[in-house]
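Along the sequence shown, residues are numbered consecutively beginning with 1.
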Amino acid sequence: MGGPGVRFRHVFRLALLVSVVSPVLAASACAEPPGGSRVRVAAASSPRPDKDRASRGRQVKSGVNLVITSVSPRTLSQDKSVTVRGYAQNQTGQALTGTSVRLNYSQKPLISRSQLAETPGPATPQTADHRRLPGLIPSGTAQQKFTLKLAAKALKLPAGSFGVFPLAVGVYDSAGQALIEQRTTVVLVPKNAKKTLRKTSIAWVWPVIDRPHRAGDALFLDDRLATDFAPGGRLAELAGAPKISKVPVTWAIDPALLSDAETMAQKSYRVDKVKNSPQASTAAKTWLDTVKTGATSYFAVPFADPDIVALVRQKMTAQINDAYSQRSIANDLLGRAPTSIAWPAGGVADQSTINRLARQDQALLMSSAILQPPAGLTYTPDATTTVATSRKTRTALAYDATISDVISADTRSVPDGGLLAGQRFLAETALMTTERTQTRSLVIAPDRRWNPAPGLASELLRLSNNEPWLRPTGLDAVLTDQPKPRTLESYPKAAQKQELDQGYLKSVKNIRATATDFGLIFQPPKTDFERSSVLRATSSAWRGSGKQAARARNAFRATLSKQVTDLTKQVHVVLGNNPSRTLAGRTGTVPITVANDLPTDTVKIRLRVASASPRLLIESSEDTLTLPPNQKHTVFVRMQAVGNGDTDVDVQLLSPGAQGKPIGVVHTIRVHATGLVGTALLITGGALAIVFIGVGVRATRARRRRKQAEDLDDAAAGNPGTGGGAG
């Protein structure tokens, strides 16, 4: 059957499947029993929470929908009542009659967090209130509203009782059969709770992290941040909630997001495929100012929040070092030093990664799913513990996986998702408080790309501050608590499947190498592209084993690769339409032009020329050029032909220095050598001249012989010849 850790994981996989049945039961199914008898591995981060998780989060029968719009007050005081409001909808396509809505409860309180996880609803339900819905529920989207009440006295508990009670709101047909039921809980609080209850210290990790929105620094791939920074946007609400509640939180900040906000706030920024790019964003500036004033306590994740576990596994040390060095952006922008805390994606990591994280930070933030309390413990222990590393023992904080998963679920896609998550938060923290009379610490860290329902973030902080069994505290204070023993579980295979895979990271590594080599030609050399843009391709936002996650990361990688390629093409050899050259003579020069099309940067480049055949010698094989922006330069390369014919010549641009790195592709030009043609003509011309001279001598001699014969004939005939004398 395997060891305890294996059995724990199997139980929690089943629990996670159940968790999609209801936003409230989602928390129940994910709950971590106080005895630590189960392992719950945090789900992989994604750019946006999966809407399907909560859209399936309701037990719906016969097409009837049920929504709870309010529970007021959020807790039940003795001698008081709690009011539950909501509405029902008939989406069956036909009319329903004789229907009613009921509020059921249990007189027996829950006694532990494990029971909360396992109890689907009131064990022996009692009906606190019921209402007949109108005689006919119309078919469609019309809302049949209801109001139901539960009085504290109905629980029949002695004065001073403190506990958590299951509730269920259901719609029933005329035969009394449930058409739909939504379950939640309510906490009964005694009158003197502030004096009698031991408070649980609650510390919040407040994630301000997003997926990458830029491949290269000059161009945004989308304008989503403009929406998220604006009032009502995801990031705007997260940044504003601590200020509203005045509850101390420790911000977890991605320097890449701060860099994006600064770029948008200080100058115009360009958005891909948008003709009229936006001007400087006032929303981004406002958001950045809010973070600067609010993040009095924070820690910075490495730049772009990379998948450190995967990078360590693939031995991509350079990328890890770059990501950590870029954390200084947060310090520079916020004007204060961060707390030294490492937070791996999903809150889980293998031992090799933990060793690597311990080289950078003094403390670790990890999920309680992998930092398990001792076996047999009947209560939730303090969050502070220790973890052994290759350096030395480090302090570790185990954030509560159950509560963190409850509030990180998709609470936006269902109308009452945020309300029910808040009720579950109250139930979990109240039960933790009742487990033991001693004060303990609780750390909550929502998903690093938390996208809560509107108002939920500030409401959770308000509840943390107002409920008599909770006392907000800072994460720094929890770090100084006396560590309690916990066991580091083995890194789960399910988490490893979520990592960025070897093939993907290898291609990213190649892109980085190209960008690094190209950066060497700048004067002075530049490293910003591979240290920021390429790091975004390793972000934990791209984790996931599904097709959707694969498409997202591959699309980003392709965009990044194209940008790097387009950038390197701006420093190039100009071949024109005809890549051929002619060497007019035995020796001569061949012109080769190099262009720098970069608009603002001067480059220093080496030009290397190599012949593919010994019949063409390159006398000057290398030249070093310094090219200002938007300039061209022609180099006249001396060559010598020792044989006629066409010869391929390779032309390559290199970075400066003795160990120059290739820049761009190798260009091939064809040189037509005519160096021996003049000699051949000279020989041929000399031979023809000798022939012509010989022919002329023979013709002269023949004419002389003919002349002499004519003179003899004239003498014999007595005719005076031109050649005869007078006497």
Side-chain angles (χ1 to χ4, degrees), residues 34 70-84 105-116 128 149-167 184-204 241-242 244-249 377-384 400 402-403 406-407 421-444 458-482 484:
S70 71
V71 176
S72 179
R74 298 299 290 262
T75 59
L76 177 60
S77 299
Q78 289 188 346
D79 300 331
K80 301 291 183 179
S81 297
V82 63
T83 300
V84 179
Y105 68 99
S106 175
Q107 291 182 332
K108 293 183 178 181
L110 300 170
I111 61 174
S112 67
R113 297 181 70 187
S114 59
Q115 188 181 13
L116 176 60
K149 290 188 177 183
L150 169 65
K153 62 182 180 181
L155 301 177
K156 297 182 179 180
L157 292 175
S161 296
F162 174 53
V164 178
F165 293 84
L167 300 180
T184 184
T185 55
V186 67
V187 180
L188 177 66
V189 182
K191 290 183 179 179
N192 58 348
K194 291 184 178 181
K195 296 181 180 180
T196 60
L197 295 180
R198 292 279 186 176
K199 293 181 180 292
T200 296
S201 297
I202 181 170
W204 281 91
I244 295 173
S245 64
K246 298 182 180 180
V247 170
V249 302
L377 199 65
T378 58
Y379 59 89
T380 306
D382 283 295
T384 310
D400 195 278
T402 300
I403 300 177
V406 166
I407 63 177
Q423 290 300 113
R424 180 59 188 275
F425 165 79
L426 292 172
E428 289 285 351
T429 55
L431 284 170
M432 178 180 171
T433 303
T434 62
E435 290 170 346
R436 209 174 184 211
T437 58
Q438 294 181 355
T439 298
R440 281 162 294 148
S441 62
L442 169 67
V443 174
I444 300 178
S458 57
E459 175 68 2
L460 290 171
L461 293 182
R462 186 190 69 80
L463 295 174
S464 300
N465 197 38
N466 292 352
E467 299 309 325
W469 65 90
L470 294 174
R471 179 176 59 209
T473 189
L475 203 65
D476 290 343
V478 182
L479 281 169
T480 61
D481 287 347
Q482 183 66 30
K484 299 300 189 296

Could you give the distance from [atom1] ([X]) to [atom2] ([Y]), rounded to the nearest 0.5 Å?
X      : Y      : atom1 : atom2 : value
Glu467 : Thr200 : CD    : OG1   : 12.5 Å
Ile444 : Ile202 : CD1   : CD1   : 3.5 Å
Asn192 : Leu197 : CG    : CG    : 7.5 Å
Ile403 : Glu428 : CD1   : CD    : 5.5 Å
Arg113 : Thr402 : CZ    : OG1   : 5.0 Å
Ser201 : Arg471 : OG    : CZ    : 3.5 Å

### Trp204/Ser464 under side-chain hydrogen bond (donor to acceptor under 3.5 Å, both in side chains): CA gap, chis, key distance, verdict
CA-CA 10 Å; Trp204 281 91; Ser464 300; 3.0 Å; yes

Could you list the donor-acceptor pairs under 3.5 angstrom formed between side-chain atoms of residues 151-164 and any protein atom two or more places apart in sequence or on another chain?
residue	atom	partner	partner atom	Å
Ser161	OG	Pro158	O	2.6

### Message
Under 4.0 Å between a side-chain nitrogen and a carboxylate oxygen: does that hold for Arg440 and Asp481?
### Response
no

#### Entry: Test side chain to side chain contact (heavy atoms under 4.5 Å, CB included) applied to Gln78 and Leu188, step by step
CA-CA 7 Å; Gln78 289 188 346; Leu188 177 66; 4.0 Å; yes

### Task
May I have the step-by-step check of side chain to side chain contact (heavy atoms under 4.5 Å, CB included) for Val478 and Thr473, ending in yes or no?
CA-CA 8 Å; Val478 182; Thr473 189; 3.9 Å; yes

Does any non-hydrogen side-chain atom of [Y] lie less than 4.5 Å from one of [X]?
X      : Y      : value
Val443 : Asp400 : no
Leu150 : Val84  : no
Pro468 : Val189 : yes
Ser245 : Asn465 : no
Pro166 : Ser106 : yes
Phe425 : Val406 : no

Please find the pair of heavy atoms, one from [X] and one from [Y], that lie closest to each other, and give the distance.
X      : Y      : answer
Ser441 : Ala383 : OG-N, 3.1 Å
Thr185 : Ala427 : OG1-CB, 3.3 Å
Leu460 : Gly422 : CD2-CA, 4.3 Å
Val247 : Leu461 : CG2-O, 3.3 Å

### Query
Which pairs with one or both residues in residues 70-79 pass salt bridge (charged side-chain N to carboxylate O under 4.0 Å, His left out), sequence neighbours excluded?
Arg74-Glu459, Asp79-Lys191

### Given Leu431, Thr434, Leu426, the one that forms side-chain contact (heavy atoms from CB on, under 4.5 Å) with Val187
Leu426

Between [X] (side chain) and [Y] (backbone), is there a donor-acceptor pair under 3.5 Å?
X      : Y      : result
Glu435 : Thr380 : yes
Ser112 : Gln115 : yes
Gln423 : Thr184 : no
Ser70  : Ser72  : no

### Query
What residues, two or more places apart in sequence or in another chain, satisfy salt bridge (charged side-chain N to carboxylate O under 4.0 Å, His left out) together with Asp382?
Lys484

